Colleague: 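Quick one: the structure is below, and I'll ask about it shortly.
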Amino acid sequence: MTLTPLVYWAQRHEEIYLRVELTDAQVSETRPLPSDITVGSESCAYQLPVFLQNIDVQVHDKVLQFRAQGHGAKGQNEYEFSLEFLFPVKPEVSYKSTQRQVNVVVRKEKRGWWERLVTQERKPVFLAPDFDRWLEESDAEMEIREKEERRNRLRSARLKEPGHCNLKTGFLFAYNLVQFLGFSWIFVNMTVRLFIFGKDSLYDTFHTISDVMFFCQTLAAVEVLNAAFGVVRTGVVPTFIQVVGRNFILFIIFGSLDEMHNQPVVFFVFYLWSAIEIFRYPFYMLGCFNTEWKTLTWLRYTVWIPLYPLGVLAEAVAVLQAIPIFDKNNLFSIPLPKAIGGSLSFSYVLQGYLILMFLGLFINFRHLHKQRKRRFRTKKRKAN
Ligand SMILES: CCCCCCCCCCCCC/C=C/C(=O)SCCNC(=O)CCNC(=O)[C@H](O)C(C)(C)COP(=O)(O)OP(=O)(O)OC[C@H]1O[C@@H](n2cnc3c(N)ncnc32)[C@H](O)[C@@H]1OP(=O)(O)O
């Protein structure tokens, strides 16, 4: 026999809760509950346990379809009902079942408070408010505020835990210090050599600097993990673009081609890379202790404006210089069936990479511009 179960509902700004009572009752227009029993009343004689199987709850285009099979005092029953929600909901539905009921949670497509649950004005006879979870809109808003305050209290308590804060701060400070020392050595070394040897220093940058640059750029992969694991509050994508972008140039274009080692472009790329890092890493070091030096903050969020396009331009020159070399030595060429040429030169990959570079530049330029606005807007707001 197919029965329509009793369904109790409540809402919050982002969710709808349905409590489906599976009993041996058949509730319908023609056969309402006996007068001495009201929906949800504990005295309902129908509250007999039902052993459930094959629960199927789906949402398609605002309509929730519920089906289940249950074995109760009156034998095996099919249970089903459907509801057309007032507004769109997300297709993902979660539910938990007990002997007597199935608790369903549906997420609203758009956050907000509904005047009723279903499209039709007159509610279905099997539907009733769930007074165990019922809140008026203002109460729900207060519940959200209380949850947020609890979360903030927990977060600040966690950050005050001596172990948590010191470990993360110590790790970040040490990382930033090592990177600052590495890039400072690079920047000072290249500056001094430029003053002493003039233009000649442009041709042996790779031989004098690359070991430390390889070390710093390999270590920089940690920044992607920091972003991915939430160690620092920043996006994974910009960090990934930054680290992959630099290491592609360093390891593939410079590191794998001897012919590139004596090119002046190596000097410009290394110099532009280190010119930002000598401000960025000390800025992070101070940030580990929630302090800042205004001039350093300004430099960290300003010098990238000329350096980033210049840096990517220098990298593009390096890629263009490497293309004929890869064509000649066939390094990293992609093997293809003889019928279609035997191999694809890596220079084709480089031509595609040139497009990625300028896409990556656009993404990170926009990201840093947002960071700069956020940083200086926050400062302005604190100053007022
Ligand atoms: C399928 C693969 C596709 C790959 C495609 C690749 C294409 C590549 C194209 C582009 C290639 C670019 C190559 C690079 C060129 C150059 O570098 S040119 C030289 C100039 N370069 C720069 O100026 C960029 C310098 N780098 C950065 O700024 C970062 O790497 C960044 C990721 C680009 C931006 O940094 P981000 O962390 O996102 O912003 P911030 O405002 O600095 O930090 C946000 C918050 O996080 C905290 N934080 C971050 N890191 C640390 C840390 N190490 N220690 C402590 N705290 C850290 C920071 O303090 C901020 O905190 P709040 O202020 O409290 O929010």
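When a residue number appears, it is its place in the shown sequence, counting from 1. Just so we're clear, the structure is a prediction, and the values are computed from it rather than from any experiment. Each ligand, and each atom within it, is numbered from 1 in the order the structure gives.
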Colleague: Check whether NZ of the Lys or CZ of the Arg R133 lies under 6.0 Å from the centre of the six-membered ring of Y17 and within 45 degrees of that ring's axis.
Modeller: yes
Colleague: Is the centre of the F214 ring less than 6.0 Å from the centre of the F251 ring?
Modeller: yes
Colleague: Using distance alone, with no hydrogens and no angle criterion, decide if W134 and E136 have a side-chain donor and acceptor under 3.5 Å apart.
Modeller: yes
Colleague: When you measure from the side chain of S274 to the backbone N and O of Y271, does any donor-acceptor pair fall under 3.5 Å?
Modeller: yes
Colleague: Within ligand 1, which atoms have a heavy atom of W304 less than 4.0 Å away?
Modeller: 23 (O)
Colleague: Any N or O of E277 that comes nearer than 3.5 Å to an N or O of ligand 1?
Modeller: no
Colleague: Considering only heavy atoms of G245, which atoms of ligand 1 have at least one such atom less than 4.0 Å away?
Modeller: 8 (C), 11 (C)
Colleague: Donor-acceptor pair, Q179 side chain versus C216 backbone, under 3.5 Å?
Modeller: yes
Colleague: Show the atoms of ligand 1 that are less than 4.0 angstrom away from any heavy atom in L368.
Modeller: 28 (O), 34 (C)
Colleague: List every atom of ligand 1 that sits less than 4.0 Å from any heavy atom of M357, numbering the atoms from 1 in the order shown and giving each element.
Modeller: 9 (C), 10 (C)
Colleague: I'd like to know whether ligand 1 has G235 as a neighbour, heavy-atom separation below 4.0 Å.
Modeller: no
Colleague: Of all the atoms in ligand 1, which lie at a distance below 4.0 Å from a heavy atom belonging to T239?
Modeller: 32 (C)
Colleague: Could you tell me if the ring centre of F180 sits under 6.0 Å from that of Y281?
Modeller: no
Colleague: To check your reading of the model: name the closest protein heavy atom to atom 44 (C) of ligand 1, its residue, and the distance in Å.
Modeller: Q371 NE2, 3.2 Å
Colleague: Looking just at side-chain N and O atoms, do Y284 and E223 make a donor-acceptor pair shorter than 3.5 Å?
Modeller: no
Colleague: For atom 63 (O) of ligand 1, what's the nearest protein heavy atom and its distance?
Modeller: R375 NH2, 2.6 Å
Colleague: Show the atoms of ligand 1 that are less than 4.0 angstrom away from any heavy atom in E315.
Modeller: 13 (C), 14 (C), 15 (C)
Colleague: Taking atom 6 (C) of ligand 1 as the point of reference, which of Y271, F248, Y353 owns the nearest heavy atom?
Modeller: Y353
Colleague: Could you tell me whether a side-chain N or O of T291 sits under 3.5 Å from a main-chain N or O of L286, the two making a donor and an acceptor?
Modeller: yes
Colleague: Just which atoms of ligand 1 are under 4.0 Å from any heavy atom in R300?
Modeller: 27 (C), 28 (O), 34 (C), 35 (O), 40 (P), 42 (O)
Colleague: With heavy atoms of R374 as the reference, note each atom of ligand 1 found under 4.0 Å away.
Modeller: 62 (P), 63 (O), 65 (O)
Colleague: With a 4.0 Å cut-off on N to O distance, would you call E78 and R67 a salt bridge?
Modeller: no
Colleague: Indicate yes or no for a side-chain donor-acceptor contact from S210 to the backbone of H207 under 3.5 Å, with no hydrogens or angles considered.
Modeller: no
Colleague: For atom 5 (C) of ligand 1, grab the closest protein heavy atom and report residue, atom and distance to one decimal in Å.
Modeller: L356 CD1, 4.3 Å
Colleague: Under 4.0 Å, heavy atoms only, figure out whether ligand 1 is touched by the backbone of Y301, its side chain, both or neither.
Modeller: side chain
Colleague: Assess whether a salt bridge exists between E137 and R12, defined as any Lys/Arg side-chain N lying under 4.0 Å from an Asp/Glu carboxylate O.
Modeller: no
Colleague: Please state which protein non-hydrogen atom is closest to atom 4 (C) of ligand 1 and give its distance, to 0.1 Å?
Modeller: V244 CG1, 3.8 Å
Colleague: So, for atom 29 (C) of ligand 1, does the protein have a heavy atom nearer than 4.0 Å?
Modeller: yes
Colleague: W304 and Q371: side-chain donor and acceptor closer than 3.5 Å?
Modeller: no
Colleague: Look at the side chain of D139 and the backbone N and O of L135, then say whether any donor-acceptor pair between them is shorter than 3.5 Å.
Modeller: no
Colleague: Within the protein, is there a heavy atom lying under 4.0 Å from atom 18 (S) of ligand 1?
Modeller: yes
Colleague: Are any non-hydrogen protein atoms located under 4.0 Å from atom 60 (C) of ligand 1?
Modeller: no
Colleague: In the protein, what heavy atom is nearest to atom 57 (C) of ligand 1, and what distance, to one decimal place, separates them?
Modeller: V232 CG1, 3.5 Å
Colleague: Would R19 and Y8 count as a cation-pi pair here, with the cationic atom under 6.0 angstrom from the ring centre and within 45° of the axis?
Modeller: yes
Colleague: Distance to 0.1 Å, residue and atom name: give those for the protein heavy atom nearest to atom 38 (O) of ligand 1.
Modeller: T234 OG1, 2.4 Å
Colleague: For atom 1 (C) of ligand 1, grab the closest protein heavy atom and report residue, atom and distance to one decimal in Å.
Modeller: F240 CE2, 4.7 Å
Colleague: Under 4.0 Å, heavy-atom basis, I'd like to know which part of N176 is in contact with ligand 1: side chain, backbone, both or neither.
Modeller: side chain
Colleague: Specify the protein heavy atom at minimum distance from atom 58 (C) of ligand 1: its residue, its atom name, and the distance to 0.1 Å.
Modeller: Y284 CE2, 3.7 Å
Colleague: When only distance counts, is Y175 in polar contact with ligand 1, meaning an N/O pair under 3.5 Å?
Modeller: no
Colleague: What part of N226 sits under 4.0 Å from ligand 1 if we count only heavy atoms: the side chain, the backbone, both or neither?
Modeller: neither
Colleague: Give yes or no for whether the N/O distance cutoff of 3.5 Å, strictly under, is met between W273 and ligand 1.
Modeller: no
Colleague: Counting only heavy atoms not in Y348 (residues, nucleotides, ligands), do more than 12 fall under 6.0 Å from its OH?
Modeller: no
Colleague: Would H367 count as a contact residue for ligand 1, given that I'm defining contact as a non-hydrogen atom of the residue lying under 4.0 Å from a ligand atom?
Modeller: yes
Colleague: For I16, is there any backbone N or O sitting under 3.5 Å from a side-chain donor or acceptor partner on K108?
Modeller: no
